[in-house]
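This report concerns only the one structure given below.
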Amino acid sequence: MTSRISVSAPGKVILLGEHSVVFGRPAIALAINKRFNCSLAPASEYYLNGISLEPSRHPHIRHALKHYWEGGPLDIRLHSELPSGSGLGSSAALSVAFVGSLQAMSGNIIENKVAKAAFEMEYAAQGRASPVDTSVSTHGGGIIITREEGLNHLWTFEKAEKRWCVHDLQVPTMTLVVGYTGINGPTGPLLTKVKNYYDKSGFARETIDDMENITLEGQNALHKGDLEHLGRLMTRNHKMLSILGVSCNELNKLVNAAMPYSYGAKLTGAGGGGSMIALTDRPDEVCNAILRRGGTPYKVLTGVAGVKVE
Ligand code: MEV
């Protein structure tokens, strides 16, 4: 067993399909150059960032230690470049980096095992989830989730009568700007809100159906490198997410501010705060517009590595 091991995993943006993916529909996500780092060393008792670990306060870590760790106590150190609740996948990246570092302590990181374990951690912590955030954080680059297995298939997960086939997705170079509202978007309650709406409203179910079509059209647009079309689809996806009740004034303000300089813009992640993304070839103007409306802009790079030993 190694003395101290350090593993990192990236955050993500969802280009198309958040929320509908929880109902087993397609989604497209990209890993970004903001990472979550976890380092582990054997210790006399469990520590988290220098303080005695209280497992009840850290559901992801408690779940992982219970199910995926057979060794002795650990000194756990976590460091994140991703604000929590920002819609940029901080909790998925934590799960991936943590379970990846447990695997690295006792051997090698095996991608599909990390992706599966991290999905189970998210599911247990939130009560519902799709594997989109944890899969893209594990694999890096880009992924597309579809109902059926296709070309470049990575892994398939099933849960509660839903099936997600995860594939590697090559994407053209594109410039994305993230606008963070500074508001913590609570994923669990937002998932419950959408589920309740879906269960009682035919209109909500139709909206989820439309989101599926938009994501598949987006896959084609990406394949052709048609960023104008992709941008229009992203903006339409934002309107549908608003119909489902997961946008908010702050997100709408940032989306509207970015639009004059963008191919398209939408909230990314669970919503209710968190972040939006804009697809643009005028990133400086988008950043300034986001700043003027009180958001924090980040120009993000995609095409980054997934889980890895540092
Ligand atoms: C959160 O980043 C994406 C959601 O679709 C939830 C999930 O897929 O687990 C809202």
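Whatever order the structure lists them in is the order used to number ligands and atoms, beginning at 1. Residue indices begin at 1 and follow the sequence shown. Keep in mind the model is a prediction, meaning the values are calculated, not measured.
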Review point. Which pair of heavy atoms, one from A221 and one from H229, lies closest together, and at what distance?
Key: CB-CD2, 3.8 Å
Review point. So is R128 actually on top of F23's ring, under 6.0 Å and inside 45° of the axis?
Key: yes
Exercise for review: Considering only NZ, NE, NH1 and NH2 on the basic side and carboxylate oxygens on the acidic side, decide whether K116 and E120 come within less than 4.0 Å.
Suggested key: yes
Review point. Distance only, no hydrogens: is a donor on one side chain within 3.5 Å (strictly under) of an acceptor on the other, for S39 and R4?
Key: yes
**Study point:** Close-range residues for ligand 1, whose non-hydrogen atoms fall below the 4.0 Å threshold
**Key:** K12, I14, E18, H19, V21, V22, A129, S130, V132, D133, L191, G269, A270
Exercise for review: Kindly indicate whether the side chain of H58, heavy atoms from C-beta on, has any atom under 4.5 Å from the side chain of L53.
Suggested key: yes
Practice item. Kindly assign one of parallel, tilted or perpendicular to the pair F119 and Y123, based on the angle between their ring planes and the thresholds 30° and 60°. Key: perpendicular
